[in-house]
Protein chains: 2
Amino acid sequence: MEVKNKQQGIKVVGDVLDIVGGKWRGQILAHLCDNPKRFNELKTVLNRITSSTLTKELRYLEDIKMVERKVIQETPMVVEYRLTKHGMSIKDLIKTIVEWGLKHREIVFKKN
Amino acid sequence: MEVKNKQQGIKVVGDVLDIVGGKWRGQILAHLCDNPKRFNELKTVLNRITSSTLTKELRYLEDIKMVERKVIQETPMVVEYRLTKHGMSIKDLIKTIVEWGLKHREIVFKKN
DNA sequence: AATACAAGTAGTTTTTAAGATACTTACTAT
DNA sequence: ATAGTAAGTATCTTAAAAACTACTTGTATT
């Protein structure tokens, strides 16, 4: 790691994991990497997430400007979530995570 | 993301985050990227972690074969933790996380 | 008038992660 | 004999994340 201040570099890991960690955030971001998705689309692909949890996570991601919410139709109300311009910067990180995970399955899945 | 099965690729995000996520695991792995460290060294650099939490996290990382524990001296007992050969594979991922975090501080730190 | 749908909200409960505090073991040094 | 050190363990409590269940709003359909 060729970072000037190593201690600070390592602390930042915790901050990034606040954004991408937890049970759902990483997955939500991963799904939005491909293309925008509606609330219920997300709810379907994220098997077993509840409405309230999904709402909470999306609000958080909006607050930190990773995701934006756009009402695309008033009636029936249709809402679309997409990565912000800034949020797009997470794509490579997500990709790295997915690649590592697929390559190291036998261990990743150990817990099961 | 040029992964064959996208759904599966995304699910793996959750599994990887089990390994690297939480309040401490990412930081522990990051510290071990540089070189092996003793229990109390880790305890010192990980400001405010308790013994019991550190032990728990290290045992988990051992269980999944990311980290190995080596008694290097019986008395006074000295124990060293290091990444396994397999664990080394996480270095690039940690590096990517750190880099993203440093670059996007203004947002990462928003919560404070 | 009743039903359905999208996108939620509200309130409560359960589960999990992490923290606090105190103790332990095997030894060495004073 | 007492204190100190490294690396823990054992319990218990607290706090935070996620789940569960039910309800809401506005509109359109049968």
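Proteins get letters first, then strands, A, B, ... in listed order; numbering begins at 1 in each. These numbers come from a predicted model, not from an experiment.
For the pair B:Lys23 and C:dG19, the criterion of a side-chain N or O lying under 4.0 Å from OP1 or OP2 is met. Contact between the side-chain N/O atoms of B:Tyr81 and the OP1/OP2 oxygens of D:dG8 is found at a separation under 4.0 Å. Residue A:Arg25 has no polar side-chain atom (N or O) positioned under 4.0 Å from OP1 or OP2 of D:dA17. Applying the 4.0 Å criterion to OP1 and OP2 of C:dA20, one finds that B:Arg48 has every side-chain N and O outside that range.
Toward the 5′ end of DNA chain D lies the nearest nucleotide of B:Arg38, the other residue of the pair B:Ser52 and B:Arg38 mapping further downstream. Map A:Glu57 and A:Glu74 each onto its nearest nucleotide of DNA chain D; the residue landing nearer the 5' end is A:Glu57.
The CE-P distance, from A:Met77 to D:dT24, rounds to 18 Å in whole Å. In this structure, B:Leu46 places its CG atom 16 Å from C1' of C:dA17, rounding to the nearest Å. One can place CG of B:Leu17 at 15 Å from P of D:dA17, the figure rounded to the nearest angstrom. Regarding B:Glu41, its CD atom lies at a distance of 12 Å from the C1' atom of D:dA6, rounded to whole Å. Computed from coordinates, the B:Trp24 CH2 to C:dG19 C1' distance equals 10 Å when rounded to whole Å. Distance, B:Ile28 CD1 to C:dA17 C1': 13 Å, rounded to whole Å. For A:Gln27 and D:dA17, the CD to P distance is 17 Å, given to the nearest whole Å. The nearest whole Å value for the distance from the OH atom in A:Tyr60 to the P atom in D:dA16 is 14 Å.
Taking 4.0 Å as the cut-off between side-chain N and carboxylate O, A:Lys70 and A:Glu80 do not count as a salt-bridged pair.
Linking Ile, Leu, Val, Met, Phe, Trp and Tyr residues whenever their side-chain heavy atoms come within less than 4.5 Å leaves A:Val78 and A:Leu42 in two separate clusters.
Counting non-hydrogen atoms under 4.0 angstrom, A:Thr75 reaches the backbone sugars and phosphates but no base.
When the nucleotides D:dG8, C:dT9, D:dA6 are ranked by their closest atom to the side chain of B:Asn40, D:dA6 comes out on top. Across C:dA6, D:dG8, C:dA7, the shortest atom-to-atom separation from the side chain of B:Arg59 is found for D:dG8. Taking only side-chain atoms of B:Thr53, from C-beta outward, the nucleotide of C:dG19, D:dG8, D:dA19 with the closest atom is C:dG19.
Two residues are said to be in side-chain contact when any heavy atoms from C-beta on lie closer than 4.5 Å; A:Arg82 and A:Leu32 fail this criterion.
Atom CD of B:Glu74 has 12 or fewer heavy atoms from other residues, nucleotides or ligands within 6.0 Å.
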Canonical and wobble pairing (Watson-Crick, G-U, under 3.5 Å) of DNA chain C, dot-bracket with |: ||||||||||||||||||||||||||||||
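Aromatic ring pairs are classed by plane angle as parallel below 30°, tilted from 30° to 60° and perpendicular above 60°; the pair B:Tyr81 and B:Phe39 is tilted.
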